[in-house]
Amino acid sequence: MTSIGDVGWDREALQRLRAGDIGVLATRPLAPVLQHVGQALLGRDLAGNENLVRRCVTALGERDDAGDDVLAVELLAALGQPITNEQVPWPLTAVPVDLEMLADFLDGDPLQGNGVVDLLTGDVYPPGVLDWDRPEELDENSDSFDPDRWLHFQPESGEGYRDMCDFAVNLPEGELRDRLLPALDGRGAFRRFRNALDDDAYRDQLTNWTLFGDERRLGRAREWLAQAGYRSVQ
């Protein structure tokens with residue numbers, strides 16, 4: 001895996017893209033940031049950006065990570081194209097959910113219980129915040145509970161761990177790879193992995209990991225929503 005610095009992405013450029021500035025793509029590669037770019041495109045008028053949308057759709061099909069097929073369908077639908085992908089349920093109901101926030105909570109500790117998405121407001125609540133965060137404890141007679149408004153999820157840390165493994169094994173042989181691989185062994189792997197990257201000597205690779213992990217998490221959150229029949233319009 002090539003460092004972000006070598007391919008033209010740094011922390012500042014990534015922050016601009018997250019804020020919806022697709023102008024940063026003029027001198028930077030598309031492939032490492034497809035989920036970010038797709039989300040930015042879906043939040044704007046696509047007039048004048050049709051070529052970028054089609055490039056993004058093609059690259060998503062080539063990468064084929066979790067959620068990439070869903071994003072490709074969303075982009076094609078935004079262009080008014082007919083949807084022929086039978087693997088993605090369409091149409092999906094639009095909900096104002098912050099995909100990044102949802103992605104953060106989905107990659108959590110499963111032992112903490114269930115989280116809840118408010119489909120009306122788009123708010124995402126981690127486990128333990130609401131009285132009805134456990135489906136088996138729902139009070140259907142409660143005036144404040146609306147079964148059509150709340151979507152439950154159980155956090156899962158396994159995918160995040162696999163992201164770290166994939167990132168580490170794809171690094172070129174060298175000191176950082178030798179630091180990260182042992183850090184993944186046993187309890188506390190998430191903390192040790194982050195600590196191993198938290199060094200000025202690996203600043204570019206830390207940005208690289210942030211981007212790599214974010215792309216994976218956003219894709220999983222997009223796929224999870226689609227399986228429930230929804231799509232984010234935040």
Side-chain angles (χ1 to χ4, degrees), residues 1-2 4 7-9 13-14 16-107 117 119 122 124 151 153 156 159-160 162-163 166-167 170 208 210-234:
M1 183 180 295
T2 306
I4 286 293
V7 298
W9 284 98
L14 182 55
R16 288 173 58 190
L17 181 59
R18 281 173 169 168
D21 181 6
I22 60 174
V24 296
L25 291 166
T27 57
R28 294 174 177 85
L30 181 63
V33 291
L34 293 172
Q35 285 287 334
H36 287 82
V37 173
Q39 194 68 7
L41 287 170
L42 289 170
R44 67 176 62 224
D45 183 354
L46 296 183
N49 291 307
E50 292 89 346
N51 288 338
L52 176 58
V53 172
R54 297 187 188 284
R55 285 174 54 209
C56 192
V57 168
T58 298
L60 286 164
E62 293 171 349
R63 187 173 69 176
D64 196 27
D65 280 347
D68 284 352
D69 57 344
V70 180
L71 178 54
V73 165
E74 291 187 60
L75 289 169
L76 289 174
L79 286 180
Q81 299 295 309
I83 303 304
T84 58
N85 189 331
E86 297 180 356
Q87 303 304 312
V88 178
W90 193 263
L92 297 169
T93 301
V95 290
V97 175
D98 185 322
L99 201 63
E100 289 196 25
M101 181 180 296
L102 176 60
D104 286 341
F105 287 134
L106 286 176
D107 271 20
V117 178
L119 297 172
V124 184
L151 181 63
F153 65 88
E156 171 56 59
E159 293 294 343
R162 280 186 283 274
D163 292 344
D166 289 345
F167 180 83
N170 282 290
N208 192 2
T210 299
L211 180 53
F212 179 86
D214 283 355
E215 282 283 303
R216 289 279 186 91
R217 291 185 307 105
L218 287 171
R220 287 194 295 270
R222 191 182 302 279
E223 182 177 68
W224 181 84
L225 271 180
Q227 289 173 348
Y230 302 99
R231 61 185 176 90
S232 168
V233 291
Q234 178 67 22

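Predicted model, so just to flag it, every value in this text is computed and none were measured.
A 4.5 Å side-chain heavy-atom check between Leu42 and Glu74 finds at least one atom pair inside the cut-off. Contact annotation: the side chain of Trp224 never approaches that of Glu156 to less than 4.5 Å [non-hydrogen atoms, C-beta and beyond]. Using a 4.5 Å cut-off on side-chain heavy atoms (C-beta onward), Asp65 and Asp68 make contact. Side-chain contact between Leu75 and Gln81 is absent, with no heavy-atom pair separated by less than 4.5 Å. By the 4.5 Å heavy-atom criterion applied to side chains, Pro32 and Phe212 are not counted as neighbours. Side-chain contact check for Gln39 versus Leu218: every heavy-atom pair is 4.5 Å or farther apart. Put simply, the side chain of Ile22 reaches to within 4.5 Å of the side chain of Leu25, judged on heavy atoms. In this structure, the side chains of Asn208 and Phe167 come closer than 4.5 Å at one or more pairs of heavy atoms.
The two atoms that bring Ala221 and Leu106 nearest to each other are CA-CD1, 3.7 Å, heavy atoms only. Between Val233 and Ala94, the shortest heavy-atom contact is CG1-CB, 3.5 Å. Nearest heavy atom pair, residue Arg28 against residue Val24, reads NH1-O, 3.2 Å. Residues Glu215 and Val33 come closest through the heavy atom pair OE2-C, 3.3 Å. A pairwise comparison of heavy atoms in Ala226 and Val70 identifies CB-CG1, 3.7 Å as the closest pair. Across every non-hydrogen atom of Leu76 and Ile83, the tightest pair is CB-CD1, 4.1 Å.
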Checking side-chain contact (heavy atoms from CB on, under 4.5 Å) for the pair Leu225/Ser232: CA distance, chi angles, key distance, verdict?
CA-CA 8 Å; Leu225 271 180; Ser232 168; 4.1 Å; yes
side-chain contact (heavy atoms from CB on, under 4.5 Å) between Asp166 and Arg216: does it pass, once the steps are laid out?
CA-CA 11 Å; Asp166 289 345; Arg216 289 279 186 91; 3.1 Å; yes
Does the pair Arg54 and Leu79 meet the rule for a side-chain contact (heavy atoms from CB on, under 4.5 Å), with working shown?
CA-CA 9 Å; Arg54 297 187 188 284; Leu79 286 180; 4.0 Å; yes
Apply side-chain contact (heavy atoms from CB on, under 4.5 Å) to Leu60 and Asp69, showing your working.
CA-CA 7 Å; Leu60 286 164; Asp69 57 344; over 6 Å; no
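Residue Glu50 places its CD atom among more than 12 non-hydrogen atoms of other residues, nucleotides or ligands, all under 6.0 Å distant.
Looking only at distances, no side-chain donor or acceptor of Asn49 sits under 3.5 Å from a matching main-chain atom of Leu52.
For the side chain to side chain donor-acceptor pair (under 3.5 Å) with Gln35, the qualifying choice from Arg222, Arg217, Arg220 is Arg222, the only one to do so.
Applying the side-chain hydrogen bond (donor to acceptor under 3.5 Å, both in side chains) criterion to Glu159, with sequence neighbours excluded, gives Arg162.
Note that the CG atom of Leu119 and the OH atom of Tyr230 stand 4.5 Å from one another [nearest 0.5 Å].
Under the 30°/60° scheme for interplanar angles, the aromatic rings of Phe105 and Phe153 are found to lie parallel.
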